[in-house]
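Just below is one structure, and these are the notes that go with it.
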2 protein chains.
Amino acid sequence: MIQKTSETKTKTISVIIVEDFKLTRVGLRCALNANEDINVVAEAEDAVEGLKLIEKHKPDVILMDLGLPGMNGIEAMVKCKEMMFDSKIIALTSHDRSEEVIAALSSGASAYCLKDIDPNKLADVVRDVSTGVCWIDPMVAQMTLNALPKIDNIGFLPNKSNTEGRVPLTEREFEVLKHLVSGKSNTEIAKELIVSVHTAKAHVCSILQKMCVNDRVQAAVKAVKEGMV
Amino acid sequence: MIQKTSETKTKTISVIIVEDFKLTRVGLRCALNANEDINVVAEAEDAVEGLKLIEKHKPDVILMDLGLPGMNGIEAMVKCKEMMFDSKIIALTSHDRSEEVIAALSSGASAYCLKDIDPNKLADVVRDVSTGVCWIDPMVAQMTLNALPKIDNIGFLPNKSNTEGRVPLTEREFEVLKHLVSGKSNTEIAKELIVSVHTAKAHVCSILQKMCVNDRVQAAVKAVKEGMV
DNA sequence: TAATCCATTACCCGATTGTCTAATTTATTG
DNA sequence: CAATAAATTAGACAATCGGGTAATGGATTA
């Protein structure tokens, strides 16, 4: 067993847990309180109660379940952020839907953990987050990074990888590519661009060749991965 | 001093350092090699050399300086990602400009560290990132989260769309999905999984239904965007 | 035990895809 | 002006796709 060796601040980290399932709540409290530098100061089983306790205790870190009854965790976080503490929020759910992850992180969460996280790991995350780190579970890390706005590499990057080696798509082909990525058939693309199916097919064909792929699925995946759309 | 207690995989983590300043390079190597579960397998002082070494060693983690002479770190990361290993990249710079941070993270980096990070902490980050975690330095965490697209919280209903809406894919279907995303035809998928084409088609069919999409292109795009693969 | 889910295979059928060759028009560039 | 590139259209063809229905065996669950 390899021990983590990072120094942590001597001050104990105060934590509030907001989670509707009693069993999970107990589990979280035990897991965290087992660490002498972490202190669970309060627990709530719904968002309203949670907000009261947060206002009262002003904890360093808030463990917030997103699937709360009544006011959900996202709303609670928004309200929490309006209260001007610098409490850090860890979103803790079993969901891995892209919209929910992004919503949580853009609404005030500094971390996103899935509930099957190792308890010791969770303690590490609490420590990290209390210092301001943004920590995102492996299961949803990629989708989060993908949600970041693509920077226009032209101008930022030297013109090597853009001009050389890669044959650039024409404007029209880019239009077709966008529709292709959105899952439209050649017929639908043609209708959208007000051209014949033959034209759409011709464009798709040249797109496939220029992108060096064999079919539209590969083209779509490559386009998404490389942020072309 | 409080010890971190998270379990770490016994397998050592191989690391490549790409950094132009010799002194920093030595410092990084020493700091990381002091951990018995981390092994710096190679170092490069520019991107070109770095890419060669990366291709050769296929390391678990890449420490990439962004301010390299010639090809910069962002461009190097893009090229690196095109090589389709699942090496994780830690962007390591002294800059905290928003554009650079976002550019790095949206171009393939899984983590962003400022160079004044505690060496022991860096080792923790290497461990985290090797498991897929996204880790962002406190100094730039907020600006990164701010760059995420804002979701309209009103009307956000975790209760509905999560439990009822989503049907989870089976393991087998996930295998099929992976091949689908890589652009394989049903015939090829069947060959890969050593089943009949009928079976592959059946799986694809149920994948489309469960993912609520009309065709394989949409399935592939959705899978990539949501990080399912 | 009965019910349910999963993986597997099979057949049919209409729609779609990707490639080919070939032609016309418009713009841009040398 | 000539040449080149892009956008457009067309017909034909083999291959693939997606949907539908249906059957079987195995595993798990109620």
Side-chain angles (χ1 to χ4, degrees), chain A residues 23 94 96 116 154 159 162-226 228-229, chain B residues 162-226 228-229:
Chain A
L23 206 57
S94 48
D96 57 354
D116 63 348
I154 306 166
N159 44 16
N162 292 319
T163 49
E164 280 183 298
R166 191 176 302 177
V167 185
L169 299 187
T170 65
E171 275 188 42
R172 198 57 162 170
E173 286 163 351
F174 260 112
E175 289 185 69
V176 174
L177 181 60
K178 275 184 214 164
H179 292 296
L180 191 157
V181 169
S182 76
K184 291 197 173 69
S185 71
N186 290 337
T187 314
E188 291 171 317
I189 296 175
K191 208 166 293 175
E192 206 79 42
L193 302 183
I194 324 194
V195 293
S196 78
V197 190
H198 303 288
T199 309
K201 285 175 71 170
H203 285 310
V204 170
C205 240
S206 64
I207 289 173
L208 298 186
Q209 289 172 352
K210 286 182 177 178
M211 290 180 73
C212 302
V213 294
N214 298 317
D215 56 63
R216 55 174 51 218
V217 178
Q218 291 177 2
V221 169
K222 192 165 186 175
V224 172
K225 280 191 176 173
E226 301 193 2
M228 299 172 69
V229 287
Chain B
N162 286 323
T163 49
E164 293 178 275
R166 159 175 288 204
V167 186
L169 299 187
T170 66
E171 277 188 39
R172 197 58 162 168
E173 286 162 352
F174 261 112
E175 289 184 67
V176 173
L177 181 59
K178 274 185 217 165
H179 293 297
L180 192 158
V181 169
S182 77
K184 291 196 174 69
S185 71
N186 290 337
T187 314
E188 291 171 317
I189 296 174
K191 208 165 291 173
E192 206 77 42
L193 302 183
I194 323 195
V195 293
S196 79
V197 191
H198 304 287
T199 308
K201 283 177 68 173
H203 286 310
V204 170
C205 247
S206 64
I207 289 174
L208 298 186
Q209 289 173 353
K210 286 182 178 178
M211 291 181 73
C212 302
V213 295
N214 298 318
D215 57 63
R216 53 174 53 218
V217 177
Q218 290 176 2
V221 169
K222 193 166 185 174
V224 172
K225 281 190 174 172
E226 301 198 357
M228 299 172 66
V229 287

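A, B, ... follow the sequence lines: proteins, then strands. Residue 1 opens every chain.
- The side chain of A:His198 lies closest to D:dG11 when the candidates are D:dG18, C:dT19, D:dG11.
- Look at B:Thr170 and you won't find any side-chain N or O under 4.0 angstrom from OP1 or OP2 of C:dC5.
- Side-chain proximity of A:Lys201 to the nucleotides D:dG19, D:dA7, D:dA12 is greatest for D:dA12.
- Among the atoms of the strands shown, only primed sugar atoms or phosphate atoms (P, OP1, OP2) are found under 4.0 Å from some heavy atom of A:Val204.
- In this structure, B:Glu173 atom CD and C:dC5 atom C1' are separated by 11 Å, rounded to whole Å.
- Remark: P of C:dC5 and CG of B:Leu169 are 16 Å apart, rounded to the nearest angstrom.
- When the C1' atom of C:dT9 is taken as reference, atom CD1 of B:Ile194 falls 16 Å away, rounded to whole Å.
- Atom-to-atom, CD of B:Gln218 to P of D:dG18 comes out at 10 Å; the value is rounded to the nearest Å.
- Counting non-hydrogen atoms under 4.0 angstrom, B:Thr199 reaches a base of the nucleic acid.
- Between B:Arg216 and C:dT17 there is no side-chain N or O to OP1 or OP2 distance below 4.0 Å.
- Summarising the geometry, atom CG belonging to B:Asn186 is positioned 11.5 Å from atom NE2 belonging to B:His198; distances are rounded to the nearest 0.5 Å.
- Atom CD1 of B:Ile207 and atom P of C:dC6 are 13 Å apart (whole Å).
- Closest to the A:Val195 side chain, of the nucleotides C:dA10, D:dG18, D:dT8, is D:dT8.
- Whole-Å rounding puts the A:His203 NE2 to D:dA7 C1' distance at 6 Å.
- Distance CE (B:Met211) to P (D:dG18): 13 Å, rounded to an integer number of Å.
- In this structure, B:Lys191 does not pair ionically with B:Glu188, as no charged nitrogen and carboxylate oxygen lie closer than 4.0 Å.
- Nearer to the 5' terminus of DNA chain C, by closest-nucleotide assignment, is the contact made by A:Lys184 (compared with the other of A:Lys184 and A:Gln209).
- A donor-acceptor contact shorter than 3.5 Å links the side chain of B:Lys222 to the backbone of B:Met211.
- Applying the 4.0 Å criterion to OP1 and OP2 of D:dT16, one finds that B:Asn186 has every side-chain N and O outside that range.
- Here the nucleotide nearest the side chain of A:Ala202, chosen from D:dA7, D:dT9, D:dG18, is D:dT9.
- Within the 4.5 Å cutoff, no side-chain heavy atoms of B:His203 are placed close to those of B:Val195.
- Between B:Glu171 atom CD and D:dT28 atom P the separation is 12 Å, expressed in whole Å.
- Side chain of A:Cys205, nearest nucleotide from C:dT19, C:dT16, D:dG19: C:dT19.
- Of the possible donor and acceptor atoms, one in the side chain of A:Asp215 sits under 3.5 Å from a partner among the backbone N and O of A:Gln218.
- For B:Ser196, whose side chain is taken as the heavy atoms from C-beta onward, the closest listed nucleotide among D:dT9, C:dT9, C:dT17 is C:dT9.
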